[in-house]
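Data first, discussion second: the structure below is written as structure tokens.
These numbers come from a predicted model, not from an experiment. The first residue of the sequence shown is numbered 1, and numbering continues consecutively from there.
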Amino acid sequence: MTWLTPLTGIILAAVTLPLLLALYILKLRRRRRAAPSTLLWTRAVEDLRANAPFQRLRPSWLLLLQLLVLVLVALAVMQPRMDLGATRGGRVVILVDNSASMNTTDAPGGRTRLEQAKRQAKERISKLMSGGLFSGA
């Protein structure tokens with residue numbers, strides 16, 4: 001298995017996974033309770049002031065699902081490719097005409113047709129050799 005853009009997926013995972021975990025650690029968890037007396041309200045206000053922002057990470061199905069989705073997105077961004085040994089037409093032939101008619105300068109930019117054909121052939125080769133969504137091709 002090969003990866004076309006492994007660095008992009010690693011950067012994505014390195015940024016998003018700690019942020020998701022930090023959101024779950026910093027999440028304030030309060031339970032609603034009925035207060036039969038107003039004397040208990042002062043204790044609730046003190047609890048608000050003394051609450052620590054970092055709490056123990058509790059197991060949560062939602063957290064596990066979100067982590068799984070983030071890992072799958074990072075893997076998809078890395079663009080895995082399976083090389084199973086079956087090659088499909090592994091060779092490409094590009095022919096460029098080198099006759100006298102290719103020396104005319106009617107191509108845009110004042111170039112000859114031969115220079116234009118060579119440039120287009122190089123562009124085609126670079127497109128064939130580059131791969132992936134984020135390769136810049």
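Scanning both residues, L12 and T16, for their nearest heavy atoms gives O-OG1, 2.8 Å. Closest heavy-atom contact between V96 and A117: CG1-CB, 3.9 Å. Nearest heavy-atom pair across A13 and P18 is O-CD, 3.7 Å.
Contact annotation: the side chain of M102 never approaches that of N98 to less than 4.5 Å [non-hydrogen atoms, C-beta and beyond]. Two residues are said to be in side-chain contact when any heavy atoms from C-beta on lie closer than 4.5 Å; I94 and R124 meet this criterion.
Between the side chain of T104 and the main chain of R113, no donor-acceptor pair closer than 3.5 Å is present. In this structure a side-chain-to-backbone donor-acceptor pair under 3.5 Å is present from T112 to E115.
For the atom pair D106 CG and R111 CZ, the distance stands at 13.5 Å (nearest 0.5 Å). Note: L114 CG to D97 CG = 8.5 Å, rounded to the nearest 0.5 Å. Atom CD in Q79 sits 8.0 Å away from atom OG1 in T8 (nearest 0.5 Å).
In this structure, the side-chain contact (heavy atoms from CB on, under 4.5 Å) partners of L20, at least two apart in sequence or on a different chain, are Y24, L63, Q66, L67, L70. The side-chain hydrogen bond (donor to acceptor under 3.5 Å, both in side chains) test applied to S101 returns S99, not counting sequence neighbours. In this structure, the side-chain contact (heavy atoms from CB on, under 4.5 Å) partners of L95, at least two apart in sequence or on a different chain, are V93. Residues that satisfy the side-chain contact (heavy atoms from CB on, under 4.5 Å) test with V69, not counting sequence neighbours, are V73. Take E123 and apply the side-chain hydrogen bond (donor to acceptor under 3.5 Å, both in side chains) test, not counting sequence neighbours, and it matches R119.
Hydrophobic clustering (ILVMFWY, side-chain heavy atoms < 4.5 Å, transitive): L62 and V71 are in one cluster.
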